Number of protein chains: 2
Amino acid sequence: MSDLEKFPRPAVAVDLAILTVTAAGDTDPELRLLVQDRTDPDGIALPGGFLRERTTVAETADGVLRRKVGIDPSATIRPRLLRLFDAPHRDDRTWAVSAAHALPLPEAELAGARGRPVRVLPDGRLEGAERLLFDHDEIAAAAIADVRERYEIRLRYVDVGPDPDGFLPEPFTLLQLRRVHEAVIGTELHKDNFARRMRPHLEPVVGDDGEVVLSTAQRGRPAALYRRAR
Amino acid sequence: MSDLEKFPRPAVAVDLAILTVTAAGDTDPELRLLVQDRTDPDGIALPGGFLRERTTVAETADGVLRRKVGIDPSATIRPRLLRLFDAPHRDDRTWAVSAAHALPLPEAELAGARGRPVRVLPDGRLEGAERLLFDHDEIAAAAIADVRERYEIRLRYVDVGPDPDGFLPEPFTLLQLRRVHEAVIGTELHKDNFARRMRPHLEPVVGDDGEVVLSTAQRGRPAALYRRAR
DNA sequence: GGAATAGTGTCTTTCAGACACTATCTG
DNA sequence: CAGATAGTGTCTGAAAGACACTATTCC
């Protein structure tokens with residue numbers, strides 16, 4: 001099997017559908033997808049890069065964030081593999097396969113990023129019906145479906161817990177948490193059912209006096225502050 | 001970007017966890033995983049091959065079936081991407097990433113295959129606690145989890161329908177269909193609940209006389225024969 | 001007190017799980 | 001008729017969805 005070296009190999013691209021929730025913690029958060037303008041061909045596309053010299057997908061994705069998106073991720077990123085695009089001539093420059101990934105990031109990590117976060121509409125399409133180049137529309141749709149599936153409330157079978165991708169900084173109120181889930185899935189949730197199902201996965205923030213810390217309410221009764229349990 | 005050619009590229013392996021249900025239609029079908037003996041290093045492993053010269057994953061998988069497994073798939077195969085293995089030195093011969101796939105096949109397609117179909121125990125491990133080489137234990141576990149998830153009965157949220165991978169040839173009785181699902185998931189199902197949930201996805205086989213065709217019972221009352229609806 | 005939001009009690013509907021009964025075949 | 005399997009009716013419990021009420025804050 002030393003003829004392994006003799007055969008041509010594909011370039012392996014790592015394309016990233018970077019998703020975030022803007023204004024998490026605010027009254028009207030929004031799910032957004034980062035797209036970048038590019039030329040040759042002209043249009044908008046997702047950031048991506050090629051696997052180089054014994055690097056991993058996570059390292060390559062990290063490099064894409066630093067070099068092409070212009071941000072400096074504070075923690076280890078967790079790209080989620082969606083599918084492989086392997087049509088033999090999908091890239092007319094060379095033989096390239098693409099490993100499409102979803103990459104959820106908190107809005108704070110995207111400060112100063114190159115590109116535009118485009119709002120994702122409730123039906124899963126992009127605001128303004130924007131079309132992406134190459135097969136990136138499919139990647140975007142798969143990424144949105146992936147994150148939505150994990151933010152749905154389906155306690156009986158899938159028990160993902162509160163804000164699994166960490167869009168919302170701790171501590172938070174149940175209202176803030178619910179708004180984030182609603183922003184991701186694009187539909188409204190009942191506050192009572194939502195609280196009932198989230199509470200087992202949350203622990204209240206306790207102050208020095210042993211009392212539960214409350215949010216400083218703008219209007220109405222202050223709410224208890226929580227963080228993710230365990 | 002014409003320097004695209006200058007960088008080294010990884011070999012891309014397609015590893016296949018080939019799953020089948022033996023004796024589907026019989027009273028005691030079993031979920032099995034095809035493993036192959038190999039040398040250097042000695043042990044058992046999953047079949048696989050490398051992406052060559054502008055081929056797709058499906059084509060490569062098809063070639064693996066023909067050349068390494070020694071079978072001739074009768075229809076287009078549908079490998080299910082599980083995950084990428086990308087540790088830089090996981091293969092000590094060269095830089096290689098592996099795209100691990102599950103590939104469900106009806107037993108008839110595996111006639112004459114090289115390798116052993118090893119029984120999958122209810123807990124998901126292999127009979128005899130066999131250990132596979134390389135990272136193939138993880139691939140096997142992921143493949144088993146993938147197929148089990150799709151054969152579970154969870155009508156409310158996931159509505160996959162009867163025997164989505166076609167392990168069981170049509171037409172079949174509800175008992176045969178249930179035995180196949182039980183073999184895949186490793187647990188028993190109630191016949192009444194199972195029938196209630198499968199019936200909407202099935203249509204009875206109707207004979208020339210307009211009557212529902214019945215199985216030729218060995219013992220007891222003959223059962224109606226069905227095929228997948230639509 | 002009034003407006004606003006937090007938090008809880010409970011009713012209804014749905015459905016998975018379980019049990020039991022009837023139906024129809026063979027020998 | 002006995003044995004075996006097919007097929008259906010129905011009860012129960014859990015949980016999602018929905019509604020309503022009470023609680024606590026600011027103004």
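These numbers come from a predicted model, not from an experiment. These values consider heavy atoms only, across backbone and side chains, with no hydrogens, waters or symmetry-generated copies. A note on names: the letters A, B, ... follow the listed sequences, proteins ahead of strands, and every chain is numbered from 1.
B:Arg131 is listed as a side-chain neighbour of B:Asp137, based on a closest heavy-atom distance under 4.5 Å.
Atoms CG and CG, from B:Leu202 and B:Leu177 in turn, are 6.0 Å apart once rounded to the nearest 0.5 Å.
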Protein-to-nucleotide contact annotation, 5' to 3' order, nucleotides 1-7 of chain C [B base; S sugar-phosphate only; - none; under 4.0 Å, heavy atom]: ---BBBB

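Here C:dA16 presents its P atom at 13 Å from CD of B:Glu152, a figure rounded to the nearest Å. In this structure, A:Leu189 places its CG atom 13 Å from C1' of D:dA18, rounding to the nearest Å. The separation between A:Met198 atom CE and D:dG17 atom P is 12 Å, rounded to whole Å. For the pair A:Phe194 CZ and D:dG17 P, the interatomic distance rounds to 12 Å; values are reported in whole Å.
Taking the centre and axis of the six-membered ring of B:Phe85, the NZ or CZ atom of B:Arg83 falls inside the cone set by 45° and 6.0 Å.
In this view, A:Arg148 satisfies the salt bridge (Lys or Arg N to Asp or Glu O under 4.0 Å) rule with no residue, not counting sequence neighbours. The salt bridge (Lys or Arg N to Asp or Glu O under 4.0 Å) test applied to A:Glu130 returns A:Arg116, not counting sequence neighbours. Among residues two or more places apart in sequence or in another chain, the salt bridge (Lys or Arg N to Asp or Glu O under 4.0 Å) test is passed with A:Asp62 by A:Arg66. Residues passing the salt bridge (Lys or Arg N to Asp or Glu O under 4.0 Å) test with A:Asp208: none are found, sequence neighbours excluded.
One finds no side-chain N or O of B:His190 lying less than 4.0 angstrom from the OP1 or OP2 phosphate oxygen of C:dG17.
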Short heteroatom pairs, N/O only, protein and nucleotides 10-13 of chain C, under 3.5 Å:
unit_1	atom_1	unit_2	atom_2	d
C:dT10	O4	A:Arg196	NH1	3.1

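Note: A:Phe167 and A:Tyr151 meet the aromatic proximity criterion, with ring centroids under 6.0 Å apart.
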